[in-house]
Amino acid sequence: MKLVLATKNKGKIVEIVEIIADLPQIEVLSIADFPELPPIEETGKNFKENAILKAKTVARFTGHWTLADDSGLTVAYLNGAPGIYSARYAGENATDEENNAKLLAVLKDVPMEKRQAAFVCVMALCSPGGECYTCEGRCEGLIALAPKGSHGFGYDPLFYVPAYGKTMAELGPEVKNKISHRAAALKQLKPLLQKVLKQNRTGI
Ligand code: ITT
């Protein structure tokens, strides 16, 4: 069965492929395999709406079951910002480094005990006919005072995980793919993916 990942974020693709590697007989494609696909504007007002928007559009266009990930960082001190705007926090087409620099600047002089944050991920699985399922995962942490580590992507160098005493970027993929918001969302979605896989094999 072919499964399309409706994302252009290479960091997400690597992690999703790794997390679902135990599901047999899935041929994973991404939107890079469909260059004629028009860009999708993320106009939803929350993670769930954006995830469904991306998965539904790509499933309809490609004719394959599609998985989309809408995710971001929510910082309590900033009333949940950057949230759904995490990818473009420092502006349209901002780099990860620019987003991290802006977050550090905004939180300048905020003490460690007030730097609670969470990574949130909503996964949407949609059929070409428009049938959709969603699951949400979270990962709690703190925003560090300076970036550390070189693994992962996005805000990983600033996301300090108290249970390990390290940032997500120091922890590396093996640990991240066990504790991340993405892993938590996919864990809930896996039984459904398995069901879809089975139905597609038997033609139900
Ligand atoms: P697609 O929409 O094509 O999937 P995107 O990067 O624009 O790619 P989002 O709109 O979901 O995706 O924004 C997610 C942003 O949230 C991402 O660019 C990072 O800045 C941040 N983010 C999400 N998951 C993360 C993770 O595991 N580690 C670090 N930062 C993460």
Side-chain angles (χ1 to χ4, degrees), residues 4-19 28-35 37-59 61 66-75 78 80-104 117-126 134 136-144 147-161 166-186:
V4 184
L5 303 185
T7 177
K8 53 184 173 1
N9 182 319
K10 294 194 180 75
K12 286 185 186 178
I13 295 174
V14 171
E15 290 179 13
I16 295 169
V17 165
E18 176 69 36
I19 297 166
V28 180
L29 303 172
S30 82
I31 53 178
D33 297 299
F34 301 91
L37 188 85
I40 304 165
E41 230 189 296
E42 294 187 26
T43 52
K45 57 180 182 303
N46 52 45
F47 293 115
K48 187 173 167 181
E49 284 186 10
N50 279 334
I52 292 175
L53 186 74
K54 291 188 266 191
K56 229 182 202 172
T57 309
V58 174
F61 186 90
T66 297
L67 187 63
D69 164 320
D70 201 63
S71 49
L73 179 74
T74 66
V75 179
L78 303 176
I84 60 169
Y85 304 107
S86 294
R88 37 190 156 130
Y89 189 40
E92 216 54 56
N93 304 317
T95 62
D96 288 345
E97 290 72 24
E98 288 165 346
N99 286 331
N100 281 329
K102 173 163 178 187
L103 184 61
L104 276 183
F119 274 137
V120 181
C121 170
V122 174
M123 285 280 171
L125 179 67
C126 294
T134 60
E136 180 173 318
R138 281 175 74 86
C139 178
E140 307 288 336
L142 298 167
I143 302 302
K148 250 187 172 179
S150 56
H151 296 286
F153 67 97
Y155 297 92
D156 282 343
L158 286 182
F159 193 84
Y160 179 82
V161 188
K166 286 183 175 170
T167 68
M168 204 63 113
E170 290 180 289
L171 285 173
E174 209 173 303
V175 176
K176 182 177 180 187
N177 290 338
K178 283 199 180 79
I179 65 168
S180 79
H181 48 318
R182 189 158 292 110
L186 277 172

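When a ligand or atom number is given, it counts from 1 through the structure's own listing order.
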Asks: At less than 4.0 angstrom from any non-hydrogen atom of Lys176, what atoms of ligand 1 do you find?
Replies: 26 (C), 27 (O), 28 (N)
Asks: Looking only at protein heavy atoms, identify the closest one to atom 29 (C) of ligand 1 and say how far it is in Å.
Replies: Phe153 O, 3.0 Å
Asks: For Phe159 and Phe119, I'd like to know if the aromatic rings sit close, meaning centre-to-centre distance below 6.0 Å.
Replies: yes
Asks: Taking 4.0 angstrom as the limit and counting only heavy atoms of Glu42, give me the atoms of ligand 1 inside it, by number and element.
Replies: 2 (O), 10 (O)
Asks: Can you tell me which residue and heavy atom of the protein come closest to atom 24 (N) of ligand 1, and the distance to 0.1 Å?
Replies: Arg182 NH2, 3.0 Å
Asks: I need the atoms of ligand 1 closer than 4.0 Å to a non-hydrogen atom of Asp69, numbered in the order shown.
Replies: 4 (O), 11 (O)
Asks: Considering only non-hydrogen protein atoms, determine which one is nearest to atom 28 (N) of ligand 1 and report residue, atom name and distance to 0.1 Å.
Replies: Asp156 OD1, 2.7 Å
Asks: Answer side chain, backbone, both or neither: which part of Phe119 comes under 4.0 Å from ligand 1, heavy atoms only.
Replies: side chain
Asks: How far is atom 1 (P) of ligand 1 from its nearest protein heavy atom, and which residue and atom name does that atom have?
Replies: Thr7 OG1, 3.5 Å
Asks: With atoms numbered from 1 as shown, which atoms in ligand 1 lie under 4.0 angstrom from a non-hydrogen atom of Asp70?
Replies: 9 (P), 10 (O), 11 (O)
Asks: Give me the residue, atom name and distance of the protein heavy atom closest to atom 13 (O) of ligand 1.
Replies: Ser71 O, 3.4 Å
Asks: What are the two closest non-hydrogen atoms of Ala51 and Ala68, and how far apart are they?
Replies: O-CB, 3.4 Å
Asks: Provide the number and element of each atom of ligand 1 under 4.0 Å from a heavy atom of Ser86.
Replies: 15 (C), 16 (O), 20 (O)
Asks: Polar contacts were defined as any N/O atom of the residue lying under 3.5 Å from an N/O atom of the ligand; does this apply to Asp96 and ligand 1?
Replies: no
Asks: Which of the numbered atoms in ligand 1 are below 4.0 angstrom from a heavy atom of Gly154?
Replies: 29 (C), 30 (N)
Asks: How close does the nearest protein non-hydrogen atom get to atom 7 (O) of ligand 1, and which residue and atom is it?
Replies: Lys8 NZ, 3.5 Å
Asks: What's the shortest distance from atom 6 (O) of ligand 1 to any protein heavy atom, and which residue and atom give it?
Replies: Asn9 ND2, 2.9 Å
Asks: Among protein heavy atoms, which lies nearest atom 11 (O) of ligand 1, and at what distance?
Replies: Lys12 NZ, 2.8 Å
Asks: Measure the CD-NE2 distance between Glu174 and His151 for me, rounded to the nearest 0.5 Å.
Replies: 10.5 Å
Asks: Using modelled atom types only, decide if a donor and an acceptor are shared between the side chain of Asp33 and the backbone of Ser30 within a distance under 3.5 Å.
Replies: yes
Asks: For Ser86, is there any backbone N or O sitting under 3.5 Å from a side-chain donor or acceptor partner on Tyr155?
Replies: yes
